[in-house]
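Okay, so here's the structure we're looking at.
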Amino acid sequence: MKKSATQNAVKIAVCNQKGGCGKTMSCVNIAGVLAKDYKKKVLIVDIDSQANLSKSMLCEDIMGYEEEHGIGTWFADHITLDNVIENLPNDKNMVNLAIVKAKIVVRGGNPAKWRGIDILPGSRNLATTEMWENSDIEEIISCIKRTVQRPYDYDYVLFDLPPALSDMSAVTLIASDYVLIPATADSNAMDGICELMETVENIKANSKNKKLQILGVFLTNYDVRYTYDSHLYGMVKDTLGDLFFTTPIRRGSAAKCSMQLGCPLSWYRRTCSTAQDYEEITREIIRRIENGKRSLQK
């Protein structure tokens, strides 16, 4: 029997019940740093029914396909996560067929190339609540095997969750090792963070996933020119203590452009402030995970 290609992967749920807080952008750019700077193999699982991550990272495949077959046909004609869920446990190989290699264009005129990031694409059908009642994301991830196209193990699995604490979120948190929480610098930030932390504690208390840990919280869309952003930064830092990432993700136009092109900032414009912030956040993520492993070994 083939070993699961995700058996030893670190599984991180990027989660916040609030929309517009940079979950998808964070998944893409953290995966980019892991792949480019640390030479890690990364799988991103698009749990969000808006499928914005899939549309961004697979833009080369989608655009080429839809030029020939018509707009809106890529998701209809390809296997996505909802198909995998619907066919489990009868077809455990479908998840392997669904995974797509993200091809990234680094410079204009050059062909798209795989650079260490794979996508398990979502679709709008993921919004069907009934689909999640008996779903097991952990089993789906464990069914991913090494193949001729993927003769390696993944080092990281990142889950891009929807902006709601729904059944989708719950089953994904049960399958995860860590929760990473991006939050915007606004007055509702702490409310969403506290509610998510309570959900995590309930999952652990109910023995659904006792190993689940909150990796930390970081602020996104941060503008150093605004006094309010600085004020909120200080408030969240004082409230969360060691759970707070002291590096905020600064606002920048390059981040939006890179998402439109489907290219993580680490390749698109790594000298911009937003790219540097994601590099620091990723470095801190690795440090916290390694420190946690050492603590368990003592």
Side-chain angles (χ1 to χ4, degrees), residues 6 9 11-36 40-63 65-66 72 74-76 78-85 95 98-105 112 114-127 137 140-141 144 154 156-164 166 168-169 172-173 175-176 179-182 184 220-221 249 254-268 274-275 278 281-282 285:
T6 62
K11 302 173 185 68
I12 303 175
V14 182
C15 185
N16 192 322
Q17 70 183 55
K18 187 176 180 295
C21 64
K23 293 186 296 294
T24 297
M25 184 178 292
S26 295
C27 275
V28 168
N29 285 300
I30 290 169
V33 177
L34 287 169
K36 186 176 192 297
K40 301 299 184 182
K41 301 295 184 294
V42 184
L43 172 68
I44 310 179
V45 184
D46 192 353
I47 306 287
D48 193 344
S49 59
Q50 296 178 71
N52 288 332
L53 188 146
S54 300
K55 293 171 187 173
S56 175
M57 293 298 287
L58 302 178
C59 69
E60 288 296 321
D61 296 325
I62 291 173
M63 289 174 67
Y65 188 89
E66 293 186 344
W74 195 95
F75 289 98
H78 286 72
I79 300 171
T80 52
L81 182 57
D82 57 288
N83 303 129
V84 175
I85 293 170
V95 64
I99 293 171
V100 181
K101 286 184 174 294
K103 293 183 178 179
I104 298 168
V105 175
W114 180 71
R115 301 181 188 276
I117 303 171
D118 288 354
I119 310 295
L120 177 50
S123 78
R124 65 173 62 93
N125 294 328
L126 289 172
I137 293 295
I140 289 171
I141 297 302
I144 298 173
Y154 288 110
Y156 289 86
V157 177
L158 304 181
F159 299 102
D160 184 23
L161 270 71
S166 58
M168 291 188 216
S169 301
T172 306
L173 291 172
S176 302
V179 184
L180 184 64
I181 309 172
T184 48
T220 61
N221 204 29
I249 305 299
K256 292 182 180 179
C257 293
S258 71
M259 288 296 291
Q260 183 69 28
L261 295 170
C263 180
L265 283 164
S266 52
W267 282 286
Y268 177 70
T274 311
Y278 274 116
I281 287 286
T282 306
I285 287 170

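Worth saying up front: this structure is predicted, and the values here are computed from it rather than measured. Values reported hereafter were calculated over all heavy atoms of this structure, with side chains retained and with hydrogens, waters and symmetry mates removed.
A side-chain donor from one of Asp46 and Ser54 sits under 3.5 Å from a side-chain acceptor of the other. Residues Thr184 and Asn221 have side chains that never bring a donor and an acceptor to within less than 3.5 angstrom of each other.
Using a 4.5 Å heavy-atom cutoff, the side chains of Leu126 and Ile85 are in contact. Looking at Tyr278 and Ser266, their side chains never come closer than 4.5 Å, going by heavy atoms from C-beta outward. A 4.5 Å side-chain heavy-atom check between Asp48 and Lys23 finds every atom pair outside the cut-off. Thr274 has its side chain within reach of Leu265: a pair of non-hydrogen atoms, C-beta onward, lies under 4.5 Å apart. The side-chain heavy atoms of Pro162 and Ile47, taken from C-beta on, include a pair separated by under 4.5 Å. Taking the side chain as every heavy atom from C-beta outward, Ser26 and Leu180 never approach each other to under 4.5 Å.
Here Tyr154 pairs with Asp118, Arg150 under the side chain to side chain donor-acceptor pair (under 3.5 Å) rule; sequence neighbours left out. Remark: Ser56 engages no residue in a side chain to side chain donor-acceptor pair (under 3.5 Å) (not counting sequence neighbours). With sequence neighbours excluded, no residue satisfies ring-ring contact (aromatic ring centres under 6.0 Å, His included) with Phe159.
Annotation: the span from Lys11 atom NZ to Leu158 atom CG amounts to 11.5 Å, rounded to 0.5 Å. The distance from the CG atom of Asn83 to the OG atom of Ser123 is 7.0 Å, given to the nearest 0.5 Å. The CZ atom of Arg124 lies 10.5 Å from the CG atom of Asp82; values are rounded to the nearest 0.5 Å. With values rounded to the nearest 0.5 angstrom, Leu58 atom CG is found 12.5 Å from Lys101 atom NZ. In this structure, the separation between CD1 on Ile181 and CD on Gln17 is 10.0 Å, given to the nearest 0.5 Å. With values rounded to the nearest 0.5 angstrom, Ile144 atom CD1 is found 5.0 Å from Leu43 atom CG.
For the side-chain contact (heavy atoms from CB on, under 4.5 Å) with Ile285, the lone residue among Ile30, Val33, Leu34 that qualifies is Ile30. Among Val95, Ile119, Ile141, Asp160, the one residue that satisfies the side-chain contact (heavy atoms from CB on, under 4.5 Å) test with Val45 is Ile141.
Among all heavy-atom pairs drawn from Met57 and Gly262, the shortest one is SD-O, 4.0 Å. The two residues Gly122 and Ala51 have their closest heavy-atom pair at O-CB, 3.8 Å. Among all heavy-atom pairs drawn from Ile104 and Cys263, the shortest one is CG2-SG, 3.6 Å. Minimum interatomic distance between Tyr268 and Cys257 (heavy atoms only, all atoms of both residues): OH-CB, 3.4 Å. Taking every heavy atom of both residues into account, Cys15 and Leu161 meet most closely at SG-CD2, 3.7 Å. Across Ile44 and Ala31, no two heavy atoms sit closer than the pair CD1-CB, 3.7 Å.
Side-chain atoms of Lys55 never come within 3.5 Å of backbone atoms of Ile62 as a donor-acceptor pair (strictly under, hydrogens ignored). Formation of a donor-acceptor pair under 3.5 Å by the Thr80 side chain with backbone atoms of Pro121 is not found in this model.
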Test Thr24 against Gln50 for side-chain contact (heavy atoms from CB on, under 4.5 Å), laying out the working first.
CA-CA 11 Å; Thr24 297; Gln50 296 178 71; over 6 Å; no
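At most 12 heavy atoms of other shown residues, nucleotides or ligands fall within 6.0 angstrom of atom NZ in Lys103.
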